There are 2 protein chains.
Amino acid sequence: MGRASDKRERLIESATKLFHQAGCKDTSIADIAEDSGVPLGNVYYYFKSKDDLVSAVIEERKEAIKAEAMKWEANPDPKQRLLSLLDLQISRKDEIAKYGCPIGSMCQELDKERTPVAHKADGLLSWALEWVTRQFKEMGHKQADQFGLQLMATLQGCGVVANALKDPKVIELEIARLKAWIKEL
Amino acid sequence: MGRASDKRERLIESATKLFHQAGCKDTSIADIAEDSGVPLGNVYYYFKSKDDLVSAVIEERKEAIKAEAMKWEANPDPKQRLLSLLDLQISRKDEIAKYGCPIGSMCQELDKERTPVAHKADGLLSWALEWVTRQFKEMGHKQADQFGLQLMATLQGCGVVANALKDPKVIELEIARLKAWIKEL
DNA sequence: GTCTATATGTTGATAGAC
DNA sequence: GTCTATCAACATATAGAC
């Protein structure tokens, strides 16, 4: 691919958005083609199957998360890094209340599928859990594993509850509590 | 319906199981018909559409939850009632790690649909949240709203994480923590 | 009330002209 | 590399015999 057009990345971009908003299953290739402005038949030049496209979306999200984490790691204080993560979640509260957590909802949806990519999204969540746990370890906590789990479960949980209640305030409240907890640790 | 056959309830039973295991979208009427031993065409005698069946499944779950809650309310101590809820969740840890929380995963899946029943499952989760909050209120806590949210978010969150990691231990650990917290409140 | 056969619509995927 | 036309599979839902 000496000089590829930007169609591939436009397809991934549209798919990422639509999968989050409507779910992978409810988003057809035609929907993605239309949203990205790529003709239907041409999609299969870039992705040999829908699974392949789903896989690419997950891969792209993984890169985005790792890039974000790398930015935070410029800060030498692991406690501040965790607070950065929480601030990011707060800034996304409206989106999460509308469509759920992009990672969590994708894990739950794909886990029920019987396709080859079924459990690929799980890697995103477990990577995030490991990252969070690592920060607690660097803070010197022996209960780092427990704390990491506690943080991730609350983040995922307030996403589910906020989405069910369609109320971003849920995220605001729960994350405010988490921030207070982390600050005094 | 003077003397109805048990086909209607068998269909709901199969649908409840399959929707949880594979998701509503991925479970076809044919799947449900086969699992329940009811011929495909006959399903539409009992439910005029798939949405109608989904709706009935949600309704049945609601009744089951309310019945369970009523049993717990025989106990005069609200703290014990909350512990009963947590014990129930622990007893279901393997199922939840495999397929996710039946309520939470249904909320997340249906929220993305564009059908008339789209947000009906949300009522289950908000009912549970209200019930939990009421127990904290009866315990005399002024922060009952916050505590209720905290409990529900953690319950839902450990379901998502356990499902992604396919590890029931996640539920065991998080709920043990919740129980300790509630006991010393 | 029960069940078979089938209509109807949508989707993922392919063929093949350009 | 690009795009139109279309196939094949599968889903919901209905018609109509029993």
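Everything quoted here is computed from the prediction, not taken from an experiment. Proteins come first, then strands; the chains are lettered A, B, ... in the order of their sequence lines, and each starts at number 1.
- Contact annotation: the side chain of A:L86 approaches that of A:L155 to within less than 4.5 Å [non-hydrogen atoms, C-beta and beyond].
- As rounded to whole Å, 9 Å separates atom P of C:dT11 from atom NZ of A:K50.
- Following rounding to the nearest Å, B:D26 (CG) and C:dT10 (P) show an atom-to-atom distance of 19 Å.
- Inspection of the B:K50 and B:T115 side chains reveals no N or O donor paired with an N or O acceptor under 3.5 Å.
- Comparing C:dC3, C:dT2, D:dA13 by their closest approach to the side chain of B:P39 singles out C:dC3.
- Checking D:dC3, C:dG12, C:dT2 against the side-chain heavy atoms of A:K7 singles out D:dC3 as nearest.
- Remark: A:K25 is not in phosphate contact with C:dT10, judged by side-chain N or O atoms under 4.0 Å from OP1 or OP2.
- In this structure, the CG atom of B:N42 is 17 Å from the P atom of D:dA17, given to the nearest Å.
- For B:L40, the side-chain atoms get nearest to D:dA13 when compared with the rest of C:dG12, D:dA13, C:dC3.
- Salt bridge A:E174/A:R177: present, at least one basic N to carboxylate O contact under 4.0 Å.
- Comparing C:dT14, D:dT2, D:dT14 against the side chain of A:Y46 picks out D:dT2 as the nearest.
- Taking only side-chain atoms of A:Y44, from C-beta outward, the nucleotide of C:dA13, C:dT2, D:dA13 with the closest atom is C:dA13.
- Taking 4.0 Å as the cut-off between side-chain N and carboxylate O, B:E13 and B:R10 do not count as a salt-bridged pair.
- At a threshold of 4.0 angstrom between heavy atoms, the contacts of A:T27 are confined to the sugar-phosphate backbone, with no base atom among them.
- Rounding to whole angstrom units, CG of residue B:L11 and P of C:dG1 are separated by 14 Å.
- Using a 4.0 Å cut-off between charged side-chain N and carboxylate O, A:K98 and B:D111 make no salt bridge.
- In the set D:dG1, C:dA13, C:dT2, the nucleotide with an atom closest to the side chain of A:Y45 is D:dG1.
- Atom-to-atom, CG of A:D52 to P of C:dG12 comes out at 14 Å; the value is rounded to the nearest Å.
- Rounded to a whole Å, the CD atom of B:E34 is 15 Å from the C1' atom of D:dA11.
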